[in-house]
Structure formats: C-alpha cells, structure tokens
Visitor: 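The structure follows.
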Amino acid sequence: MNDTKIKITNLHKAFGKKIVLDGVNLELQKGESLVVIGGSGTGKSVLIKCIQGLLTPDEGSIKIDGQETIGADKKQQEQLHGKMGMLFQGGALFDSLSVWENVAFGLLENQKMPRKQAKDEAIKVLRQVGLGADVADLYPSELSGGMQKRVSLARAVATKPEIIFFDEPTTGLDPIMADVINDLIIDSAKRLGATALTITHDMASARKIADRIAMLYKGKIIWQGTVKELETTDNAYVKQFINGSSQGPIQVEI
Amino acid sequence: MATKIELFLRALGKPLVKFIMRLGELTIFIARSIYNCLTPPFYFKLMGRQFMDIGFYSLPVVGLTTIFAGMVIALQSYTGFARFGAESGVASVVLISVTRELAPALSGLMVAGRIGAAMAAEIGTMRVTEQIDALVTLSTNPFKYLVAPRIIAGIIVLPILVLIGDVIGIFGGYVVCVYKLGFNPANYINSTLQNLESLDIVTGVVKAAVFGFIITLMGCYNGYRSRGGAQGVGEATTNAVVSASILILVFNYIITELFFAK
C-alpha cells in the first residue's frame, strides 16, 4: 500500500475543444518501470507534462508519495521537481552550456555544489552512460544525436531522482543505438532504484525496458499488464498496435 | 436575417476577444517578470553576459547612428538658421535634439532590432526544443534564469549607451560645424556648454531606461510564448522587433509630454 509512488485518478485535460486526456487512471509502484504506449497524438506527452506540473490538468488528481501535486504551491512544486528527472525527446540540452555544465546543471544551480566538484561528478555520470571525459568540454551542437541522448540521460540522472520520465527515448536513433539507450535506461533506473515512466511507440524498446505496459487510446488507459500478458492479450486494440497493422479497430485520423 | 447579424458580430468579436486575451497574457507576463526581477536568487553571471550582449556589442551600432544623426541635424539646422542670420543657434539645437530625442530614440530602435530579435529567437528556440521545460524539471525558474537577467540588464545598460550616444552625437554636430561650415571651435564648445541643462540629459536617460525595459520585455515575451518550430520562432522574432519599435515611439512621445508639457 505504501509502495505506491505515483497515483493518477480520473485525469482530464483538454485544449479548447480537443479532449486529450479523458479520465486517465494509472498507478506506479515504487521502483517499477512502466511504459505507456499509444499512437502519435494520443496524449502521452501531455500525460507526462501533467505529472511534472508543466501543464495543469482540468480535473482529477495526481499523487506522488501520497502528496497531491495539483494546486501545490511553488515551494512544494520545486521540491517535487527535485525528485524527478526527465529525458526529453529531442534531448533539450542547453546549447549555451558545455556538456558537463548541462549534466551538472541541477547540482550547480540547486544543490550549489562547487564547480570543480560538480565537474568531477558530471564526468562520473557521463562515464556511466558510456561517454569519456573528453566530451565534457564540448558543446551539445558538436555531438551526434545518439551522444546527445546519452548526455541528456546523464543530466536526467545526475541529481539522483526518485522518478525518471523518458519521452520517446529511442525516437530518431538507429536500432543498435536505440538498444544501447534501452540498456542505459534499465541500468540507470536500477542503479538509482528509481521509478521509471516511459512513453514510446517503439515496441522493441517497450518490451525491453518495461515491467508493466499500459496503452493509452482516446484519452483513456484501455489496457495494462505485464510484457508477457501483452503477447497473449486478446484486446483487439493492443493487438493491432503491437503488430503495427493499419487494419483493426483503431482508425487513423488523417 | 439573424444569422447575418450573428456572423457579423462573430467576425467582430473574435479578434477582440483574442486581443483582450493577449493583453491579459502580457499583463501576467509583466507582473511575473517584475516580481522575479526583484526577488532572489539573482543570476549575476547571466546578467553579466547580457551586459556584454546588450551594451558592449551595441556600442558600434549606437555610435554610428548617433554620430550621423548629430551631423545631419547640424547641417539641416544650419541651412534653416542661415536664413535668419542666427547660425549661433546651431550648437544648442544639436545639443537639445541629440540628448532629448535622437540618442534615446535611435539607439532604442537600433538596439530593438539587434537585441529584441536575438532574444526572441534564442528564447523561442529554447521553448520549441523543450529547453524551457527542461529548466523547470531541473527546479530552475525560467523567469529568474532567462527573463530577469535580460530585463535588469536592459534597464541598466540602455541609459549608459544613450549617455555615450549623447557625447558622440554632439561630437558629430561639432565636426560638421567646425570642419564643414567653418564655425569657431571654441565658440561652438562654449555655446554647447552654456546651453547644457541637466533636464535634457535626464529625459534622455529616463527614456532609455524605459526603452531598455520595452526591448527586453518584448524579446522575452514573444520568445517565451512561441509555438510550433522554426516558423513560430520566426514569427516571434518579427513580433518582438515590430512591437518593441512601435512601443518605443509611443512611449517616446508620452515621456516627452510628461516632462515638457505645459
């Protein structure tokens, strides 16, 4: 009971007339890795942004460690952000800062760590994601896409968060690099004992990193279960999605 | 029949509602900006970088603008005054027009083009590449980290730029009068100093501080709210420059009226 890390109840969010989240219920246990799958534009990103407080939901409740986050004051929100790390889809590295300053951003700005110590710490984290000390002084624009993802991952885990969000971690990478990133995600989540919430439509990635998978469709969670249950489910929507077929109950709106 | 009126009202009301929404959005943005400018933590390092960007690197632009403005005013007022044999008035006309109007307004417009655009583009790119979201997730307030250092730097730096522009502009007038129109250098300097009034300088400086606020605010606001990739950033850049330029001209008049009406 006390092991629930995130509890989302009846979450609603609409932009104008467009309903994006229509009553999402989801629960994450401590240390668990949950992957939310769903087609493009089904509100996966909106879901993550609501949990992080980047968007304010219209209705519903999000509890982290039993504490309500919606309507939390500034101080509480900053405290919550201290518990979270996020790997953004495009990396979202600060391009005016060098690689190590990016990785150490949270340490420098919030924990007020001295620069020298922060740099050592950043290099240590960079090594964990397979990057050498020689990239530390480069700028993000000098790195390849795969390396940028690694740096972004390093930044997300550098503050030792309790919850890590992964927004389409493998999008835009070749299959081998994608698998490397998958391994790194599993690895870093394990090392920190963190709760991980990933959104993706890459099924290979989902199968690999998930303890549990949930499918978001039309603003609702229509199915959830373990990876094993995913293969044997007779839910027509899930079947169509994981087989990547254009025929089935899910109609693509063009 | 009712539908026609309805359609007409709708066409009228939609932009109006949009306009009022934008106005409200801007007001909230201004309030948040000012609040975050006045409360710690302050990012002095970032502020220093903005001092360099807005101030130091704008010096050539401001210098060139004001020197030619001073020169042209000297030439124009000379041709006017010569008709009445009142050439001695040129020095004071140059002084007053440069310090009150030309240095602040032209510097403001030039810096708006240079800095307003750059700010909107930088912050806009940070918005569309989720860097601003990343700041939030790293428990850093983007208003404190991005907006406040720029606005504070703008308010402090623009007056300094304008003071430098005053000197350069008056020097431009001096050059034309002495080397082209054959004025006596000592007389020219004397009559400039005699006519020097602190109010002229103060108005210029007050204007500059207001313009500094307008330029940085418009750059940050338009960048911050930009959406939808490269096109959105381009739009933000244009809006930042256009809105800052118009507001500068409007407030230029308002401040002049406040100081010199009656």
Side-chain angles (χ1 to χ4, degrees), chain A residues 15-16 45-46 48-56 74-97 101-112 115 140-141 148 151-159 161 163-168 197, chain B residues 14 17-18 21 25 28 31-32 35-36 38-50 52-53 118-150 153 220 223-230 232-233:
Chain A
F15 294 100
S45 294
V46 174
I48 285 201
K49 286 190 173 162
C50 285
I51 302 173
Q52 291 188 305
L54 294 171
L55 288 172
T56 313
K74 262 210 166 123
K75 207 158 182 195
Q76 286 172 312
Q77 278 213 337
E78 273 185 19
Q79 208 179 2
L80 280 170
H81 284 136
K83 288 186 187 176
M84 301 180 196
M86 164 127 179
L87 173 63
F88 285 87
Q89 188 178 348
L93 294 170
F94 305 125
D95 35 36
S96 57
L97 300 178
E101 286 173 315
N102 263 288
V103 175
F105 193 90
L107 306 173
L108 286 169
E109 298 299 340
N110 299 307
Q111 302 181 11
K112 302 287 173 212
R115 282 179 76 80
S141 56
Q148 284 187 6
V151 174
S152 190
L153 177 63
R155 183 178 69 183
V157 298
T159 50
I163 304 164
I164 317 177
F165 299 94
F166 300 100
D167 185 357
E168 314 237 349
L197 176 59
Chain B
K14 214 173 171 188
V17 170
K18 245 189 185 159
M21 274 168 73
E25 204 184 276
I28 293 168
R32 274 181 78 181
Y35 174 77
N36 283 297
L38 299 176
T39 50
F42 300 106
Y43 292 93
F44 291 108
K45 211 181 129 193
L46 295 173
M47 233 182 271
R49 227 184 69 197
Q50 295 303 323
M52 290 301 281
D53 275 351
M119 268 178 198
E122 187 180 351
I123 296 181
T125 307
M126 290 187 78
R127 162 63 77 198
V128 299
T129 56
E130 295 186 304
Q131 288 179 50
I132 291 182
D133 287 343
L135 274 179
V136 177
T137 62
L138 291 161
S139 330
T140 303
N141 181 345
F143 270 82
K144 285 218 188 310
Y145 191 81
L146 294 174
V147 179
R150 285 172 167 78
C220 294
Y224 203 84
R225 67 184 297 283
S226 61
R227 293 277 179 280
V233 176

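Just the heavy atoms: all of them, side chains too, but no hydrogens, waters or symmetry mates, feed the values below. All chains are named by letter (A, B, ...) in the order of the sequence lines, taking the proteins before the strands, and each is independently numbered beginning at 1.
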Visitor: Using a 6.0 Å cut-off, check whether atom NZ of Lys112(A) has over 12 heavy atoms from anything other than its own residue.
Guide: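 Count over threshold, so yes.
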Visitor: Which bit of Leu93(A) comes within less than 4.5 Å of chain B, counting heavy atoms only: side chain, backbone, both or neither?
Guide: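 Answer is backbone: N, CA, C or O of Leu93(A) sit under 4.5 Å from chain B.
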Visitor: Can you tell me how the ring of Phe105(A) sits relative to the ring of Tyr145(B), calling it parallel under 30°, perpendicular over 60° and tilted otherwise?
Guide: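 Taking Tyr145(B) first and then Phe105(A), their aromatic rings stand perpendicular (interplane angle over 60°).
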Visitor: Sort Thr129(B) into side chain, backbone, both or neither according to what part of it lies under 4.5 angstrom from a heavy atom of chain A.
Guide: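 Backbone only.
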Visitor: I need the Asp167(A) CG to Asp133(B) CG distance, nearest 0.5 Å.
Guide: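 One gets 10.0 Å once the value is rounded to the nearest 0.5 Å.
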Visitor: Do you know which of Lys49(A), Met84(A), Gln79(A) has the most heavy-atom pairs under 4.5 Å to chain B?
Guide: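 Heavy-atom pair counts peak at Lys49(A).
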Visitor: Any heavy-atom pair between the side chains of Thr137(B) and Phe88(A) that's under 4.5 Å?
Guide: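 Of all side-chain heavy-atom pairs linking Thr137(B) with Phe88(A), at least one is under 4.5 Å.
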Visitor: Calculate, to the nearest 0.5 Å, the distance between atoms CG and CG belonging to Leu138(B) and Leu108(A) respectively.
Guide: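 It comes to 11.0 Å.
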Visitor: If you count heavy-atom pairs under 4.5 Å between each of Asn141(B), Thr125(B), Ile132(B), Leu135(B) and chain A, which one has the most?
Guide: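 Of Asn141(B), Thr125(B), Ile132(B), Leu135(B), Leu135(B) has the most heavy-atom pairs under 4.5 Å with chain A.
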Visitor: Can you tell which of His81(A), Glu109(A), Gln111(A) makes a side-chain contact (heavy atoms from CB on, under 4.5 Å) with Ser139(B)?
Guide: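 Testing Ser139(B) for a side-chain contact (heavy atoms from CB on, under 4.5 Å) against His81(A), Glu109(A), Gln111(A) leaves exactly one candidate, His81(A).
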Visitor: Supply the atom-to-atom distance Glu130(B) CD to Ser152(A) OG, rounded to the nearest 0.5 angstrom.
Guide: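 Going from CD on Glu130(B) over to OG on Ser152(A), the span is 9.5 Å.
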Visitor: Among side-chain atoms of Asp95(A) and Gln131(B), is any donor-acceptor pair under 3.5 angstrom?
Guide: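 Gln131(B) and Asp95(A) do have a side-chain donor-acceptor pair below 3.5 Å.
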Visitor: Do you know which two heavy atoms are closest between Ala134(B) and Ala92(A), and how far apart they sit?
Guide: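 Answer, listing the atom of Ala134(B) first, then Ala92(A): CB-O, 3.9 Å.
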Visitor: Is the number of heavy atoms from other residues, nucleotides or ligands under 6.0 Å of Phe15(A) CZ greater than 12?
Guide: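 Enclosed.
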